[in-house]
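Quick caveat, the model's predicted, so the values are computed rather than measured.
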Amino acid sequence: MKKYVLGVFIGFLLLMSGCGDQQDGVHTEDTDSQKEKLTIMHVDAESPRFRKFIENAEKELDLEIETIACPADADVRQAKISTILEAGDSSVDIFSVNDEMISEFKYKDYLKPLSDTVMTEELLFSYPESYMQNIPMKDGEVYSVPYLMDIMVFWVNREVTGDREIRTQEDFVALLKENLGNDVYGYGGAWDQSYAYNELSEFVNLFGGDYYDWENKNTREALSFLHDLATKGEVPVSQVVDRYEQMEQKFLDGKYGSIFMYSGAINTFECAGAYRMEKIQVAPLPGFRKNATNIATWQYVLNKASEHEKAAIKFLKYAASREGNIAYAECMKCLPARLDVIREEKLDIPGFQVLQDYVNHVELKERPFSSDPMKDISKTGILFQQYVMNQISQDEFCEKMEEMQKNQR
(Lines give C-alpha, C1' and ligand atoms only; values in the text may rest on other atoms or scores of the structure.)
Protein backbone atom coordinates (compact mmCIF):
# COMPACT_ATOMS: atom_id res chain seq x y z
CA MET A 1 0.00 0.00 0.00
CA LYS A 2 2.88 2.35 0.87
CA LYS A 3 4.52 1.56 -2.49
CA TYR A 4 1.26 2.38 -4.33
CA VAL A 5 0.82 5.71 -2.53
CA LEU A 6 4.48 6.58 -3.13
CA GLY A 7 4.10 5.77 -6.86
CA VAL A 8 1.03 7.97 -7.19
CA PHE A 9 2.81 10.80 -5.38
CA ILE A 10 5.87 10.56 -7.66
CA GLY A 11 3.62 10.46 -10.75
CA PHE A 12 1.85 13.60 -9.50
CA LEU A 13 5.19 15.38 -9.04
CA LEU A 14 6.31 14.36 -12.54
CA LEU A 15 3.07 15.64 -14.03
CA MET A 16 3.32 18.97 -12.22
CA SER A 17 6.96 19.42 -13.17
CA GLY A 18 6.25 18.78 -16.88
CA CYS A 19 8.48 15.67 -17.11
CA GLY A 20 7.91 12.26 -18.65
CA ASP A 21 5.55 11.63 -21.59
CA GLN A 22 3.63 14.86 -21.10
CA GLN A 23 6.84 16.84 -21.48
CA ASP A 24 7.56 15.04 -24.76
CA GLY A 25 4.11 16.02 -26.02
CA VAL A 26 4.66 19.69 -25.15
CA HIS A 27 8.09 19.63 -26.75
CA THR A 28 6.67 18.24 -30.02
CA GLU A 29 3.99 20.91 -30.13
CA ASP A 30 6.60 23.62 -29.50
CA THR A 31 8.69 22.30 -32.39
CA ASP A 32 5.68 22.27 -34.75
CA SER A 33 4.69 25.77 -33.74
CA GLN A 34 8.15 26.98 -34.65
CA LYS A 35 7.86 25.75 -38.26
CA GLU A 36 7.72 28.54 -40.81
CA LYS A 37 4.27 28.82 -42.33
CA LEU A 38 3.26 29.59 -45.87
CA THR A 39 -0.03 29.96 -47.76
CA ILE A 40 -0.21 29.25 -51.50
CA MET A 41 -3.22 29.89 -53.74
CA HIS A 42 -2.79 27.38 -56.54
CA VAL A 43 -4.65 26.30 -59.64
CA ASP A 44 -3.94 22.63 -58.72
CA ALA A 45 -4.81 22.94 -55.02
CA GLU A 46 -7.64 20.38 -55.16
CA SER A 47 -5.55 17.72 -56.93
CA PRO A 48 -4.37 14.75 -54.81
CA ARG A 49 -1.20 14.72 -56.91
CA PHE A 50 -0.49 18.33 -55.98
CA ARG A 51 -1.15 17.57 -52.31
CA LYS A 52 1.50 14.85 -52.53
CA PHE A 53 3.96 17.35 -54.03
CA ILE A 54 3.24 19.83 -51.22
CA GLU A 55 3.63 17.17 -48.53
CA ASN A 56 7.02 16.22 -49.95
CA ALA A 57 8.03 19.90 -50.11
CA GLU A 58 6.98 20.40 -46.48
CA LYS A 59 9.30 17.57 -45.41
CA GLU A 60 12.12 18.71 -47.67
CA LEU A 61 11.95 22.36 -46.57
CA ASP A 62 10.66 21.95 -42.99
CA LEU A 63 7.72 24.22 -43.76
CA GLU A 64 4.02 24.15 -42.94
CA ILE A 65 2.19 24.92 -46.21
CA GLU A 66 -1.49 25.68 -46.52
CA THR A 67 -2.98 25.52 -50.02
CA ILE A 68 -6.07 27.37 -51.25
CA ALA A 69 -7.88 26.69 -54.50
CA CYS A 70 -8.44 29.51 -56.99
CA PRO A 71 -11.42 29.78 -59.37
CA ALA A 72 -11.38 27.55 -62.45
CA ASP A 73 -12.73 30.21 -64.82
CA ALA A 74 -9.87 32.33 -66.20
CA ASP A 75 -11.63 35.70 -65.93
CA VAL A 76 -12.92 35.05 -62.41
CA ARG A 77 -9.53 33.73 -61.32
CA GLN A 78 -7.70 36.79 -62.57
CA ALA A 79 -10.20 39.13 -60.93
CA LYS A 80 -9.98 37.34 -57.56
CA ILE A 81 -6.19 37.28 -57.42
CA SER A 82 -5.96 40.86 -58.63
CA THR A 83 -8.38 41.96 -55.88
CA ILE A 84 -6.33 40.27 -53.14
CA LEU A 85 -3.08 41.78 -54.39
CA GLU A 86 -4.47 45.26 -54.97
CA ALA A 87 -5.93 45.34 -51.45
CA GLY A 88 -2.53 44.58 -49.91
CA ASP A 89 -4.09 41.46 -48.35
CA SER A 90 -1.36 39.35 -46.71
CA SER A 91 -3.50 36.21 -46.25
CA VAL A 92 -1.88 34.57 -49.30
CA ASP A 93 1.90 34.58 -49.73
CA ILE A 94 2.34 32.91 -53.11
CA PHE A 95 -0.02 32.68 -56.09
CA SER A 96 0.14 30.45 -59.14
CA VAL A 97 -0.48 32.63 -62.21
CA ASN A 98 -0.47 32.22 -65.98
CA ASP A 99 1.07 34.39 -68.72
CA GLU A 100 -1.97 36.63 -68.90
CA MET A 101 -1.85 37.44 -65.19
CA ILE A 102 1.90 38.09 -64.91
CA SER A 103 1.72 40.29 -68.00
CA GLU A 104 -0.66 42.56 -66.10
CA PHE A 105 0.61 42.20 -62.52
CA LYS A 106 4.26 42.99 -63.28
CA TYR A 107 3.21 46.54 -64.21
CA LYS A 108 1.41 47.01 -60.90
CA ASP A 109 2.99 47.45 -57.48
CA TYR A 110 1.71 44.04 -56.35
CA LEU A 111 4.69 41.70 -56.43
CA LYS A 112 8.11 41.23 -54.90
CA PRO A 113 10.88 41.12 -57.54
CA LEU A 114 12.83 37.86 -57.39
CA SER A 115 16.03 38.61 -59.31
CA ASP A 116 18.26 38.89 -56.24
CA THR A 117 16.72 36.10 -54.17
CA VAL A 118 15.61 33.33 -56.54
CA MET A 119 15.87 34.00 -60.27
CA THR A 120 19.57 34.67 -60.54
CA GLU A 121 21.21 35.47 -63.86
CA GLU A 122 22.68 31.98 -64.00
CA LEU A 123 19.29 30.35 -63.43
CA LEU A 124 17.66 32.41 -66.20
CA PHE A 125 19.68 30.46 -68.79
CA SER A 126 17.62 27.38 -67.86
CA TYR A 127 14.47 28.91 -69.41
CA PRO A 128 13.59 30.10 -72.96
CA GLU A 129 15.42 33.44 -73.26
CA SER A 130 12.88 35.40 -75.29
CA TYR A 131 10.03 34.11 -73.14
CA MET A 132 11.71 35.22 -69.90
CA GLN A 133 12.52 38.67 -71.25
CA ASN A 134 9.01 39.34 -72.51
CA ILE A 135 6.71 37.60 -70.00
CA PRO A 136 8.03 37.50 -66.39
CA MET A 137 10.52 40.39 -66.69
CA LYS A 138 10.14 44.16 -66.60
CA ASP A 139 12.97 46.70 -66.48
CA GLY A 140 15.52 43.96 -65.86
CA GLU A 141 13.65 42.51 -62.86
CA VAL A 142 12.12 39.03 -62.77
CA TYR A 143 8.71 38.83 -61.09
CA SER A 144 7.87 35.14 -61.25
CA VAL A 145 9.20 31.58 -61.11
CA PRO A 146 7.86 29.44 -64.00
CA TYR A 147 7.21 25.87 -62.84
CA LEU A 148 5.20 24.26 -65.67
CA MET A 149 5.53 24.61 -69.45
CA ASP A 150 2.74 24.09 -71.95
CA ILE A 151 3.71 23.72 -75.61
CA MET A 152 1.11 24.17 -78.33
CA VAL A 153 1.49 20.88 -80.16
CA PHE A 154 -0.25 19.25 -83.11
CA TRP A 155 -2.66 16.47 -82.17
CA VAL A 156 -4.18 13.83 -84.42
CA ASN A 157 -7.05 11.42 -83.86
CA ARG A 158 -6.06 8.26 -85.73
CA GLU A 159 -9.63 7.02 -85.78
CA VAL A 160 -10.30 9.91 -88.18
CA THR A 161 -6.98 10.39 -89.98
CA GLY A 162 -5.91 6.76 -90.23
CA ASP A 163 -2.18 6.17 -90.75
CA ARG A 164 -1.60 9.19 -92.98
CA GLU A 165 1.38 11.38 -92.15
CA ILE A 166 0.68 15.11 -91.94
CA ARG A 167 4.18 16.48 -92.38
CA THR A 168 3.66 19.54 -94.57
CA GLN A 169 1.20 22.36 -95.17
CA GLU A 170 0.09 20.49 -98.29
CA ASP A 171 -0.66 17.36 -96.22
CA PHE A 172 -2.66 19.47 -93.79
CA VAL A 173 -4.68 21.14 -96.57
CA ALA A 174 -5.37 17.74 -98.16
CA LEU A 175 -6.82 16.51 -94.85
CA LEU A 176 -9.03 19.60 -94.63
CA LYS A 177 -10.44 19.04 -98.10
CA GLU A 178 -11.19 15.35 -97.66
CA ASN A 179 -14.77 14.23 -97.10
CA LEU A 180 -14.53 12.44 -93.75
CA GLY A 181 -18.26 11.95 -93.16
CA ASN A 182 -21.16 13.95 -91.79
CA ASP A 183 -20.09 16.63 -89.31
CA VAL A 184 -16.51 15.32 -89.24
CA TYR A 185 -13.74 17.80 -90.05
CA GLY A 186 -10.04 17.33 -90.68
CA TYR A 187 -9.26 20.15 -88.26
CA GLY A 188 -11.06 22.05 -85.53
CA GLY A 189 -10.32 24.95 -83.20
CA ALA A 190 -11.54 26.96 -80.23
CA TRP A 191 -12.64 30.32 -81.59
CA ASP A 192 -14.48 31.71 -78.57
CA GLN A 193 -13.55 35.38 -78.14
CA SER A 194 -11.27 34.59 -75.18
CA TYR A 195 -9.53 31.67 -76.94
CA ALA A 196 -9.23 32.61 -80.63
CA TYR A 197 -6.12 34.62 -79.75
CA ASN A 198 -4.18 31.36 -79.30
CA GLU A 199 -5.21 30.07 -82.71
CA LEU A 200 -4.47 33.36 -84.42
CA SER A 201 -0.99 33.77 -82.94
CA GLU A 202 -0.18 30.11 -83.67
CA PHE A 203 -0.97 30.42 -87.40
CA VAL A 204 0.93 33.70 -87.59
CA ASN A 205 3.91 31.72 -86.22
CA LEU A 206 3.43 28.89 -88.72
CA PHE A 207 3.27 31.27 -91.67
CA GLY A 208 6.37 33.17 -90.48
CA GLY A 209 4.43 36.35 -89.82
CA ASP A 210 4.78 39.09 -87.21
CA TYR A 211 1.92 39.56 -84.75
CA TYR A 212 2.90 43.21 -84.30
CA ASP A 213 2.91 43.94 -88.05
CA TRP A 214 -0.47 43.57 -89.75
CA GLU A 215 0.90 44.80 -93.07
CA ASN A 216 3.34 41.89 -93.13
CA LYS A 217 2.66 39.63 -96.12
CA ASN A 218 3.05 36.42 -94.11
CA THR A 219 0.81 37.70 -91.32
CA ARG A 220 -1.89 38.49 -93.87
CA GLU A 221 -1.48 35.08 -95.46
CA ALA A 222 -2.11 33.42 -92.08
CA LEU A 223 -5.27 35.52 -91.72
CA SER A 224 -6.48 34.55 -95.18
CA PHE A 225 -5.88 30.87 -94.43
CA LEU A 226 -8.02 30.96 -91.27
CA HIS A 227 -10.72 33.02 -92.98
CA ASP A 228 -10.94 30.55 -95.86
CA LEU A 229 -11.30 27.59 -93.50
CA ALA A 230 -14.59 29.08 -92.32
CA THR A 231 -15.90 30.40 -95.63
CA LYS A 232 -15.17 27.13 -97.45
CA GLY A 233 -16.82 25.07 -94.73
CA GLU A 234 -13.57 23.28 -93.87
CA VAL A 235 -14.21 24.01 -90.19
CA PRO A 236 -17.62 24.47 -88.51
CA VAL A 237 -18.41 28.16 -88.04
CA SER A 238 -20.15 27.14 -84.81
CA GLN A 239 -16.71 26.81 -83.21
CA VAL A 240 -16.76 30.59 -82.62
CA VAL A 241 -18.53 29.72 -79.34
CA ASP A 242 -16.15 26.88 -78.40
CA ARG A 243 -13.56 27.05 -75.68
CA TYR A 244 -10.93 24.35 -75.11
CA GLU A 245 -13.33 22.13 -73.16
CA GLN A 246 -15.75 21.91 -76.09
CA MET A 247 -12.95 21.48 -78.64
CA GLU A 248 -11.35 18.66 -76.63
CA GLN A 249 -14.68 16.85 -76.29
CA LYS A 250 -15.36 17.05 -80.03
CA PHE A 251 -11.84 15.78 -80.69
CA LEU A 252 -12.39 12.86 -78.30
CA ASP A 253 -15.72 12.13 -80.00
CA GLY A 254 -14.06 11.84 -83.42
CA LYS A 255 -15.54 15.05 -84.83
CA TYR A 256 -12.08 16.47 -85.63
CA GLY A 257 -9.11 14.73 -87.19
CA SER A 258 -6.59 17.21 -85.78
CA ILE A 259 -6.28 20.18 -83.45
CA PHE A 260 -3.61 22.52 -82.14
CA MET A 261 -3.71 22.29 -78.36
CA TYR A 262 -1.37 22.73 -75.41
CA SER A 263 0.61 19.73 -74.23
CA GLY A 264 -1.07 19.68 -70.81
CA ALA A 265 -4.11 18.12 -72.50
CA ILE A 266 -2.22 14.81 -72.46
CA ASN A 267 -3.54 14.19 -68.96
CA THR A 268 -7.12 14.89 -70.09
CA PHE A 269 -6.86 12.45 -72.99
CA GLU A 270 -5.04 9.83 -70.93
CA CYS A 271 -7.70 9.96 -68.18
CA ALA A 272 -10.30 9.42 -70.92
CA GLY A 273 -8.38 6.32 -72.06
CA ALA A 274 -7.81 7.94 -75.47
CA TYR A 275 -4.08 8.75 -75.44
CA ARG A 276 -2.83 5.71 -77.29
CA MET A 277 -1.35 4.73 -80.67
CA GLU A 278 -4.63 3.90 -82.40
CA LYS A 279 -6.59 6.88 -81.03
CA ILE A 280 -5.12 10.26 -80.00
CA GLN A 281 -1.44 11.14 -80.37
CA VAL A 282 0.87 14.14 -80.35
CA ALA A 283 2.34 14.42 -83.86
CA PRO A 284 5.27 16.48 -85.18
CA LEU A 285 4.42 20.07 -86.06
CA PRO A 286 3.45 20.24 -89.77
CA GLY A 287 6.04 22.09 -91.84
CA PHE A 288 4.45 25.37 -92.86
CA ARG A 289 6.72 28.34 -93.61
CA LYS A 290 8.29 28.40 -90.15
CA ASN A 291 8.83 25.68 -87.55
CA ALA A 292 7.64 27.70 -84.56
CA THR A 293 4.93 27.27 -81.95
CA ASN A 294 3.42 28.99 -78.92
CA ILE A 295 4.46 28.18 -75.39
CA ALA A 296 2.89 29.20 -72.10
CA THR A 297 3.83 28.61 -68.48
CA TRP A 298 2.29 28.60 -65.06
CA GLN A 299 4.35 30.57 -62.57
CA TYR A 300 4.68 31.40 -58.90
CA VAL A 301 4.59 35.04 -57.80
CA LEU A 302 5.32 36.47 -54.35
CA ASN A 303 2.77 38.82 -52.81
CA LYS A 304 4.48 42.08 -51.87
CA ALA A 305 2.36 42.12 -48.71
CA SER A 306 3.50 38.65 -47.60
CA GLU A 307 4.38 38.36 -43.93
CA HIS A 308 6.24 35.10 -44.52
CA GLU A 309 8.79 36.18 -47.08
CA LYS A 310 11.60 34.02 -45.69
CA ALA A 311 9.50 30.85 -45.98
CA ALA A 312 8.20 31.94 -49.41
CA ILE A 313 11.73 32.43 -50.75
CA LYS A 314 12.71 29.00 -49.44
CA PHE A 315 9.80 27.42 -51.32
CA LEU A 316 10.42 29.42 -54.51
CA LYS A 317 14.08 28.40 -54.57
CA TYR A 318 13.00 24.79 -54.30
CA ALA A 319 10.38 25.21 -57.05
CA ALA A 320 13.02 26.75 -59.34
CA SER A 321 15.62 24.07 -58.61
CA ARG A 322 16.23 21.02 -60.77
CA GLU A 323 14.99 18.82 -57.93
CA GLY A 324 11.81 20.87 -57.50
CA ASN A 325 11.11 20.92 -61.25
CA ILE A 326 11.40 17.14 -61.45
CA ALA A 327 9.31 16.57 -58.30
CA TYR A 328 6.44 18.74 -59.55
CA ALA A 329 6.56 17.36 -63.10
CA GLU A 330 6.47 13.73 -62.00
CA CYS A 331 3.81 14.29 -59.33
CA MET A 332 1.53 16.19 -61.71
CA LYS A 333 2.55 14.29 -64.88
CA CYS A 334 3.28 17.48 -66.79
CA LEU A 335 6.21 19.21 -68.47
CA PRO A 336 8.49 21.28 -66.22
CA ALA A 337 9.40 24.85 -67.13
CA ARG A 338 13.19 24.47 -67.26
CA LEU A 339 14.59 23.58 -70.69
CA ASP A 340 17.72 21.97 -69.25
CA VAL A 341 15.58 19.58 -67.19
CA ILE A 342 13.48 18.66 -70.24
CA ARG A 343 16.55 18.11 -72.40
CA GLU A 344 18.71 16.23 -69.90
CA GLU A 345 16.30 14.13 -67.84
CA LYS A 346 14.09 11.13 -68.63
CA LEU A 347 10.92 12.16 -66.85
CA ASP A 348 8.12 9.79 -65.95
CA ILE A 349 5.33 11.73 -67.63
CA PRO A 350 3.06 10.74 -70.55
CA GLY A 351 4.36 11.62 -74.00
CA PHE A 352 7.66 12.90 -72.65
CA GLN A 353 9.80 11.84 -75.62
CA VAL A 354 7.66 13.58 -78.25
CA LEU A 355 7.49 16.74 -76.12
CA GLN A 356 11.25 16.58 -75.71
CA ASP A 357 11.50 16.47 -79.52
CA TYR A 358 9.43 19.68 -79.73
CA VAL A 359 11.79 21.39 -77.28
CA ASN A 360 14.83 20.26 -79.26
CA HIS A 361 13.60 20.95 -82.78
CA VAL A 362 10.89 23.65 -82.72
CA GLU A 363 11.27 27.37 -82.04
CA LEU A 364 9.35 28.07 -78.84
CA LYS A 365 7.70 31.49 -78.89
CA GLU A 366 5.94 33.44 -76.17
CA ARG A 367 2.54 34.86 -77.03
CA PRO A 368 2.40 38.64 -77.41
CA PHE A 369 0.65 40.36 -74.51
CA SER A 370 -0.24 43.93 -73.59
CA SER A 371 -0.31 45.30 -70.05
CA ASP A 372 -4.09 44.75 -70.04
CA PRO A 373 -4.13 41.27 -71.56
CA MET A 374 -7.61 39.97 -70.74
CA LYS A 375 -9.30 43.03 -72.19
CA ASP A 376 -7.18 43.03 -75.36
CA ILE A 377 -7.45 39.26 -75.84
CA SER A 378 -11.25 39.60 -75.80
CA LYS A 379 -11.15 42.54 -78.24
CA THR A 380 -8.92 40.55 -80.59
CA GLY A 381 -11.26 37.55 -80.38
CA ILE A 382 -14.30 39.64 -81.26
CA LEU A 383 -12.51 41.19 -84.25
CA PHE A 384 -11.35 37.76 -85.40
CA GLN A 385 -14.89 36.37 -85.22
CA GLN A 386 -16.22 39.33 -87.21
CA TYR A 387 -13.52 38.78 -89.84
CA VAL A 388 -14.01 35.03 -90.35
CA MET A 389 -17.79 35.54 -90.53
CA ASN A 390 -17.37 38.26 -93.21
CA GLN A 391 -18.70 41.06 -91.01
CA ILE A 392 -15.51 43.07 -91.53
CA SER A 393 -12.82 42.91 -94.24
CA GLN A 394 -9.22 41.87 -93.73
CA ASP A 395 -8.13 45.49 -94.13
CA GLU A 396 -10.57 46.56 -91.41
CA PHE A 397 -9.35 43.79 -89.11
CA CYS A 398 -5.71 44.78 -89.60
CA GLU A 399 -6.41 48.48 -89.14
CA LYS A 400 -8.24 47.84 -85.86
CA MET A 401 -5.44 45.54 -84.64
CA GLU A 402 -2.80 48.17 -85.47
CA GLU A 403 -4.86 50.82 -83.67
CA MET A 404 -5.28 48.63 -80.60
CA GLN A 405 -1.58 47.83 -80.45
CA LYS A 406 -0.67 51.49 -80.91
CA ASN A 407 -2.76 52.31 -77.83
CA GLN A 408 -0.94 49.60 -75.89
CA ARG A 409 2.50 51.06 -76.50
For [X] and [Y], test the side chains for any donor-to-acceptor distance below 3.5 angstrom and give the result as yes or no.
X	Y	answer
Asn198	Tyr262	yes
Ser47	Asp44	no
Asp89	Ser91	yes
Gln356	Arg343	no

State the [atom1]-[atom2] distance between [X] and [Y], to the nearest 0.5 angstrom.
X	Y	atom1	atom2	answer
Glu36	Leu63	CD	CG	6.0 Å
Glu366	Asn294	CD	CG	9.0 Å
Met41	Thr67	CE	OG1	10.5 Å
Asp376	Glu100	CG	CD	12.0 Å
Thr161	Asp171	OG1	CG	11.5 Å

Mind telling me whether Tyr328 and Phe53 have parallel, tilted or perpendicular rings, with 30° and 60° as the class edges?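 Phe53 vs Tyr328 ring planes: perpendicular.
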Parallel, tilted or perpendicular, as decided by the 30° and 60° cut-offs, for the rings of Phe225 and Phe207: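 Ring orientation of Phe207 relative to Phe225: tilted.
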Specify the closest pair of heavy atoms between [X] and [Y], including all atoms of both residues, with the distance to one decimal.
X	Y	value
Gly351	Ile266	CA-CD1, 4.2 Å
Val184	Gly254	CG1-O, 3.7 Å
Asn205	Lys290	O-CB, 3.5 Å
Val301	Ser144	CG1-CB, 3.7 Å
Arg276	Gln281	O-CG, 3.7 Å
Met119	Pro146	CE-CD, 4.1 Å

I would like to know whether Ser224 and Gln394 meet side chain to side chain donor-acceptor pair (under 3.5 Å); could you show each step before the answer? CA-CA 8 Å; Ser224 296; Gln394 185 175 109; 3.0 Å; yes
Crowding at NZ, Lys279 (>12 non-hydrogen neighbours, <6.0 Å):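 Yes - once you tally the heavy atoms of other residues, nucleotides and ligands closer than 6.0 Å, there are more than 12.
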CD (Glu278) with more than 12 external heavy atoms under 6.0 Å: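 Yes.
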Quick one: does any side-chain atom of [X] pair with a main-chain N or O of [Y] as donor and acceptor, under 3.5 Å?
X	Y	answer
Arg77	Ala72	yes
Asn303	Ser90	no
Arg338	Ala320	yes
Lys106	Ile135	yes
Tyr127	Val145	no
Trp155	Ile280	no
Asn216	Thr219	yes
His227	Leu223	no
Arg243	Tyr195	no
Ser258	Gly186	yes

Once salt bridge (Lys or Arg N to Asp or Glu O under 4.0 Å) is applied, what residue pairs with a partner in residues 176-191 remain, sequence neighbours excluded?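 As it turns out, the salt bridge (Lys or Arg N to Asp or Glu O under 4.0 Å) pairs with a partner in residues 176-191, which skip direct neighbours, are Arg164-Glu178, Lys177-Glu234.
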Keeping to residues at least two apart or across chains, list the salt bridge (Lys or Arg N to Asp or Glu O under 4.0 Å) pairs with something in residues 244-267.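 Found Asp242-Lys250.
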If you define the side chain from C-beta out and look only at heavy atoms, does anything of [X] sit under 4.5 Å from [Y]?
X	Y	value
Tyr256	Met247	yes
Leu285	Glu202	yes
Asn218	Asp210	no
Lys138	Tyr143	yes
Leu364	Leu339	yes
Tyr211	Thr380	yes
Val341	Leu347	yes
Leu335	Ile151	yes

Salt bridge Asp348-Lys333, side-chain N to carboxylate O under 4.0 Å: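 Here Asp348 pairs with Lys333 in a salt bridge, since their nearest N and O are under 4.0 Å apart.
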What I want to find out is whether Arg220 reaches Asp395 closely enough, with some N-O distance under 4.0 Å, to be called a salt bridge.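 Between Asp395 and Arg220 there is a salt bridge, with a charged N closer than 4.0 Å to a carboxylate O.
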Pairing residues for Glu66 by the salt bridge (Lys or Arg N to Asp or Glu O under 4.0 Å) criterion, not counting sequence neighbours: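 Listed in chain order: nothing, the list is empty.
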Under the rule for salt bridge (Lys or Arg N to Asp or Glu O under 4.0 Å), what residues qualify as partners of Lys108, not counting sequence neighbours?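 Here the qualifying residues are Glu104.
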Take Phe95 and Phe105, measure what ring-ring contact (aromatic ring centres under 6.0 Å, His included) needs, and give me the verdict at the end. CA-CA 12 Å; Phe95 297 87; Phe105 296 165; 8.0 Å; no
Measuring centre to centre across the rings, with the benzene-like ring taken for any Trp, is [X] within less than 6.0 Å of [Y]?
X	Y	result
Phe251	Phe269	yes
Tyr300	Tyr147	yes
Phe397	Tyr387	yes

With sequence neighbours left out, what residues match Tyr131 under side-chain hydrogen bond (donor to acceptor under 3.5 Å, both in side chains)?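 Tyr131 satisfies side-chain hydrogen bond (donor to acceptor under 3.5 Å, both in side chains) with Asp99, Thr297, Gln299 only.
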Side-chain donor/acceptor pairs under 3.5 Å, residues 111-118, sequence neighbours excluded:
from   : atom 1 : to     : atom 2 : distance (Å)
Lys112 : NZ     : Glu309 : OE1    : 3.2
Ser115 : OG     : Glu141 : OE1    : 2.7
Ser115 : OG     : Val142 : N      : 2.8

Would Arg51 and Glu55 count as a salt bridge (Lys or Arg N to Asp or Glu O under 4.0 Å) if you check the C-alpha gap in whole Å, the side-chain angles of each, and the deciding distance to 0.1 Å? CA-CA 6 Å; Arg51 190 61 237 167; Glu55 287 169 359; 3.8 Å; yes
Show your working on side chain to side chain contact (heavy atoms under 4.5 Å, CB included) between Val92 and Ile68 and close with a plain yes or no. CA-CA 9 Å; Val92 179; Ile68 302 173; 4.2 Å; yes
As a quick check of understanding, evaluate salt bridge (Lys or Arg N to Asp or Glu O under 4.0 Å) for Glu345 and Arg322, giving each step before the final call. CA-CA 10 Å; Glu345 300 289 339; Arg322 179 179 284 263; 2.7 Å; yes
